[in-house]
Amino acid sequence: MSALDGRSIRTPLSLDCDVVVVGSGPAGSAVARRLATAGAAVVVVEAGHRVAPTQFARPAFSAMAATYRDLGSSVVVGSAPIPYVQGRMVGGTSPINGAICWRLPRDVWEEWVAADPALGDAIPWERVEKETDEVEARLDVRPTDPAIAGPNNELMARGAEALGLDHRPIRRNVVGCEGLGRCMQGCPAGHKRSVDRTLLQDAEAAGARLLTGTTVRAIEQAGGRAVGIRARTDGGAEVRIQARHAVVLAASAVQTPVLLLQSGIGSPATGEGFAAHPGLSLSGRFAEPVRMWTGATQGHEVTGLRHEGLKFEALGYGHAIMAARIPAVGRPLAAAIADLAHEATWGVALRARARGRVRSLLGRTVVTYSLTPWDIQQLRRGLRVLGEMMLAAGAEHVSPGVRGAPAHTSSLQDLVALERDGPRRASAFRPVMTHLFGTCRMGSDPLRSVVRPDFRHHGLPGLYVADSSVFPSNTGVNPQVSIMALASLCARSVLAAASPAA
C-alpha cells in the first residue's frame, strides 16, 4: 500500500526507506517525485489529510477549517498582529491557493548570487530555468482564459491600461477552469493542477509511500548524521522511520525551523531572517454588477511596479468571506450585503524589507515580525495605485480600509494624501501575509545560513532542507513554481550524495 492514513494507525509503526521527506507541499512533492522516479525508496510524511476535490466543503469557512492551518489565523507578534496563511493538507497550500504561477525572476537570482557567489555554482540560472520548464509543463501552466476571466479581472485590466501600467492575465496551473471562484477553498471540480494531483501523484506512481495525519516531532541522529524521524499519528501511535540516505525537510519556512530547534539541531541562523509578502486589499463599488465570486479567482495582475516591490492582483472571495469583511452591523451591514454584487476587491503584495524570527517557546510556535517604515510607506503607495486603478476603471468610490483614512472616496486627492500623509503605524492597516521565506537560508557561511548551497545542512550530514525557508530572501512574486524548481535541485543533490561514486 502506497498511502497510510494516520487517523487509523493506533499501534506503533516502524518503516524503512532510503529517504524520508517531511511535508507534501510544493517542495516535498517535487523532492519525492525526483527521488522516486530515480529509483529511491521514499516515504513522505504529512501532518494534514488527503482531500479529494469532491470533499472540499461548500461553505467557505468550513473548507478553511478543514484545510488551513489554524483556520488561516496564525498571527505574527510585532508592531501589529498580522495573520499569515498556510495550508495543512496533502499538497500543502497548493490545492487552496490562487493557482498563480511565476518563474523565479532573474533579477532576484542575481541578487542572491551577488551576495553569495557560491550560489551561482550550486544553482546556476540555466539549471533553475530547466527545472522550471519541467515543472510548468507538468502543471499545465498557462495564461488565464479570457472566457472565464470574469468582470473583476477585466476591470483590473481596464484600470491598469488607463494608468499605463504593465499588466497581464495571470499564468495559472489549471486545466478546464469553469470560473467557479473557489480556488482558495479548493476546486470542487478538480481543475486545479495542484501538486497532490501532479508531482506527488507521480511520486506515488513510482513507488513513494505517503503517511498522512502524522506530525513529525524529532529528527533522529546516530553516528553524527541524520538517520530518520520520530512522529505521532492522529490515531495516537508512535512512528519511527529510518532513512538510509537522507532526511529532507519540506515543512515550510515556519515548521521546518521549529522542527530543527525542537530536535536540538539549532544553529545561529536557524529561524532567523523570516521574510514574507505582506498584502493589503482595497475594494470599490461599480455601477454594473461585478459578482467577484464568479470567474477566475485571481485572473489578472499588474506588474508595472514590481521594480518598486509592488505587485497587484485581482482577488476573488465568496459571499461569506466578503460579508465577514464588512465593518458594519445592523441595517448598514444588511445594506452592504445586498450590494455585494457591485463590489470588486483587488490586492497589492509587497516585497517587504522586514525580517523576523521563528522560535519554539514551551512547545508553541512564535513568529516575530514588524514592518519597517519603508514597508509601511510602500503599502500606502500600493493602496494609492489600487485606488487610482479602480477609479480609472469606472468605480464610483473606493474603500482603502485604513484607520484614519476616509471610509469611502472618489477623490484622487484623498488617495494622494493617503500615500503622502497617511498613518505611519502598522496597526492602522490590515495586512495579511502569504509566501514565507528565509528561516533556513542557503549559503556558504554557516554563521549566516543553515544549509549549504547544495541544500545540505551545515552541521548534520544526511539532513537537507528543500522548502522556501532556504530562499535567501523573499522574491516579490508568487513562489510555488520556484519552490518546486529549487526543491528538484535539492533532490538531485540528495541523489548525487547517495550514489556509490559520491
Side-chain angles (χ1 to χ4, degrees), residues 149-165 167 181 279-295 297-302 304-305 310-350 376-423 425 427-432:
N152 193 35
N153 296 296
E154 294 166 357
L155 287 168
M156 171 168 269
R158 183 191 306 173
E161 192 69 22
L163 269 60
L165 292 172
H167 62 98
L280 293 174
S281 62
L282 178 144
S283 60
R285 206 270 179 187
F286 288 81
E288 67 272 22
V290 178
R291 298 187 181 89
M292 60 178 291
W293 51 84
T294 62
T297 301
Q298 292 183 274
H300 210 83
E301 62 188 356
V302 179
L305 295 180
L310 299 171
K311 190 170 82 70
F312 305 89
E313 303 165 350
L315 303 176
Y317 299 118
H319 300 81
I321 295 177
M322 291 178 70
R325 292 164 53 89
I326 298 172
V329 295
R331 290 182 179 177
L333 174 61
I337 291 175
D339 198 52
L340 282 180
H342 293 267
E343 181 176 303
T345 302
W346 302 343
V348 56
L350 172 66
I376 295 173
Q377 173 187 321
Q378 288 302 97
L379 287 175
R380 296 200 310 270
R381 173 158 173 71
L383 285 174
R384 171 192 168 171
V385 174
L386 280 175
E388 286 193 21
M389 281 197 294
M390 275 207 175
L391 293 176
E396 297 176 338
H397 63 253
V398 298
S399 304
V402 177
R403 297 181 183 91
H408 308 291
T409 184
S410 56
S411 165
L412 290 178
Q413 286 73 23
D414 284 345
L415 296 172
V416 171
L418 173 60
E419 177 185 2
R420 184 185 62 229
D421 304 318
R425 305 181 319 278
S427 58
F429 302 87
R430 294 182 291 179
V432 174

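By convention here, the first residue in the shown sequence is residue 1. Basis for what follows: all heavy atoms, side chains included, without hydrogens, waters or symmetry-related copies.
The side-chain heavy atoms of Ile337 and Leu333, taken from C-beta on, include a pair separated by under 4.5 Å. For the pair His300/Glu313, no side-chain contact is recorded, criterion being any heavy-atom separation below 4.5 Å from C-beta on. Between Val385 and Val348 there is no side-chain heavy-atom pair separated by less than 4.5 Å. Counting only heavy atoms from C-beta outward, the side chains of Leu282 and Thr345 never approach each other to under 4.5 Å. Contact of the Pro400 side chain with the Leu418 side chain is registered, since non-hydrogen atoms from C-beta on lie closer than 4.5 Å. Side-chain contact between Asp339 and His342: present, with at least one pair of heavy atoms (C-beta onward) separated by less than 4.5 Å. In this structure, the side chains of Val402 and Pro423 come closer than 4.5 Å at one or more pairs of heavy atoms. Side-chain atoms of Thr297 and Tyr317, non-hydrogen and from C-beta on, never get closer than 4.5 Å to each other.
When every heavy atom of Val398 is checked against every heavy atom of Met390, the shortest pair comes out as CG1-CB, 3.6 Å. Residues Val290 and Ala344 come closest through the heavy atom pair CG1-CB, 4.1 Å. Here the shortest heavy-atom pairing between Leu315 and Met292 reads O-CE, 3.1 Å. Nearest heavy-atom pair, Glu396 versus Phe286, reported as atom, atom and distance to 0.1 Å: CD-C, 4.4 Å. Closest non-hydrogen pair, Ala393 versus Trp346, comes out as CB-CH2, 4.2 Å.
Shown here is Arg285, whose CZ atom has more than 12 heavy atoms of other residues, nucleotides or ligands within 6.0 Å.
With sequence neighbours excluded, no residue satisfies salt bridge (Lys or Arg N to Asp or Glu O under 4.0 Å) with Arg158.
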- request: Report the C-alpha separation of Leu386 and Met389 in whole Å, then their side-chain angles, then the decisive distance to 0.1 Å, and conclude whether the side-chain contact (heavy atoms from CB on, under 4.5 Å) test is met.
  value: CA-CA 5 Å; Leu386 280 175; Met389 281 197 294; 4.0 Å; yes

- request: Report the C-alpha distance between Glu419 and Arg381 in whole Å, list the side-chain angles of each, state the deciding distance to 0.1 Å, and finish with yes or no for salt bridge (Lys or Arg N to Asp or Glu O under 4.0 Å).
  value: CA-CA 5 Å; Glu419 177 185 2; Arg381 173 158 173 71; 3.5 Å; yes

query: Given Lys311 and Val302, is the side-chain contact (heavy atoms from CB on, under 4.5 Å) satisfied, shown in steps?
result: CA-CA 6 Å; Lys311 190 170 82 70; Val302 179; over 6 Å; no

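Distance check: Asp414 CG to Thr409 OG1 gives 3.5 Å after rounding to the nearest 0.5 Å. With rounding to the nearest 0.5 angstrom, the CG atom of Leu280 is 9.5 Å from the CZ atom of Arg430. Atoms CG and CD, on Asn152 and Glu343 in that order, are 9.5 Å from each other to the nearest 0.5 Å. Annotation: the span from Arg420 atom CZ to Leu415 atom CG amounts to 11.5 Å, rounded to 0.5 Å. For the atom pair CE (Met156) and CZ (Phe312), the distance works out to 8.0 Å, reported to the nearest 0.5 Å. Taking CG of Leu412 as the reference point, atom CZ of Arg384 lies at 8.0 Å (rounded to 0.5 Å).
The list of ring-ring contact (aromatic ring centres under 6.0 Å, His included) pairs with a residue in residues 388-418, not counting sequence neighbours, reads His397-His408.
At distances below 3.5 Å, at least one donor-acceptor pair connects side-chain atoms of Asn153 with backbone N or O atoms of Gly299.
There is a side-chain donor-acceptor pair under 3.5 Å between His167 and Glu161.
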